[in-house]
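Some notes on the structure that comes next.
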Amino acid sequence: MRAFHPRALCLAVLALAALALEAQSSTPSLRQAFAPYFALGAAVQPVFLDSGNPRAELLAEQFGALVAENCMKPETLEAAEGVFRFKDADKIVAFAARNGMSVRGHTLVWHQQTPLWFFSDPDKPTQAASRDTLLAREKLYIQTVVGHFRGRIRAWDVVNEALNEDGSLRGPAEGSTWMGIAGPDYIDKAFVWAHEVDPDALLVINDYNLESSPAKLDGMCGLVKGLLARGIPVGAVGLQMHVSVYSPDVESVRRAIGRLSALGLKVQVTEMDMSIYRGSEAARPVTDEILADQASRYGELFTLFREEGRAGRLDMVMLWGLSDDQSWRNDFPVAGRADAPLLFDSNLRPKPAFQAVLDAAGTP
Ligand code: G3I
């Protein structure tokens, strides 16, 4: 066998290394691939962003936007009345600024993850707060939080999940003490108060199943038309898109984006993930076949998103997490059932869905 001169061998290895580096640097990231169409982001927990955490590097490389999965909700920011705690939220906003990423604020007014003191009489905690007391607390919370982040949050989920599945406004029977005490005014006022403090932030009303439930979509269209008619500064509707491999079909999503943007609003996909299960079916192995089906569905939805982004109707798409192991869809709705809803696996390796999404961006 012919012996290679050590110098020639060394040069060959260096050449191969250079090619590998060039190939890696030339592979566009999701962030680069979709930049012409919309900001693409992911939901994060503060710990992901610690230096030395591999998630931090992957997030900055692959995404151009961040949203706090939990630490910008009222239960964290004002756990006790008048005591605001921004430490974890500031960490996310600072990381985004260092990495040229935009930030979504999630969420100002929601019936969940809001401390019970908001709804309790200040002098008789076992009794409900008055409407005036609740609205005063809502105003203080919104204007303190939006003021703290003024100019650093591109879009705020001002009100989250205000509708029932039939399109009616969620009431006390469906968990909304906001509605029970303050009435529908809690929605209008939230947008007015947020806009007063940061007029440049895009103010979003956010909900789930709008892309799959015609009645809920009708309800959202009616709600938004009313807000606009009253001069309320709502600027976008958020489609959460907690979907599955099996539904909804692309045309339902296209229709939802079309109907909402026809009202004169931007549309954002705010919390996308894709369960490999139908509803509450029992846990099963995550096979190559189901991952291929998931990739195909992610690919067709992101092809739609690219078209809607190019048309100026869709201006942000957020995945509700980075990797499968961290997803809220593990153990929901079936305790003990692991899901696989995101683009990276629990070892931070790109899944077939990642490549399908990248391919959906097409050539720049
Ligand atoms: O912070 C406590 C911690 O102190 C405690 O030790 C631990 C014990 O279980 O619970 C921790 O709180 C958890 C919280 O996330 C923060 O991690 C709650 O139990 C848990 O229920 C909560 O789940 C979040 C869920 O909203 C609450 O409704 C999920 O992480 C989050 O992904 C999910 O996100 C929502 C969006 O905000 C709105 N749209 C739906 C979406 C999915 O439910």
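Counting convention: from 1, in listed order, for ligands and their atoms alike. Sequential numbering from 1 along the given sequence is applied to the chain's residues. Values in this document were obtained by computation on a predicted structure and should not be read as measured data.
Phe48 does not carry Lys91 over the face of its six-membered ring by the limits of under 6.0 Å from the centre and within 45° of the normal.
The 4.0 Å heavy-atom shell around ligand 1 contains residues Glu69, Asn70, Lys73, His106, Trp110, Gln112, Gln113, Asn160, Glu161, Gln240, His242, Glu271, Trp320, Trp328, ordered by chain and number.
By the side-chain hydrogen bond (donor to acceptor under 3.5 Å, both in side chains) test, Lys351 is found to be paired with Gln294, Asp324, residues two or more places apart in sequence or in another chain being considered.
The existence of a salt bridge linking Arg154 and Asp315 is confirmed by a sub-4.0 Å separation between a basic side-chain nitrogen and an acidic carboxylate oxygen. Using a cutoff of 4.0 Å between basic side-chain nitrogens and carboxylate oxygens, Arg329 and Asp273 are scored as salt-bridged. A salt bridge links Arg254 with Glu307: the closest approach of a Lys/Arg side-chain nitrogen to an acidic carboxylate oxygen falls below 4.0 angstrom.
Enclosure of atom CZ in Phe332 is not indicated, since only 12 or fewer non-hydrogen atoms of other residues, nucleotides or ligands lie within 6.0 angstrom.
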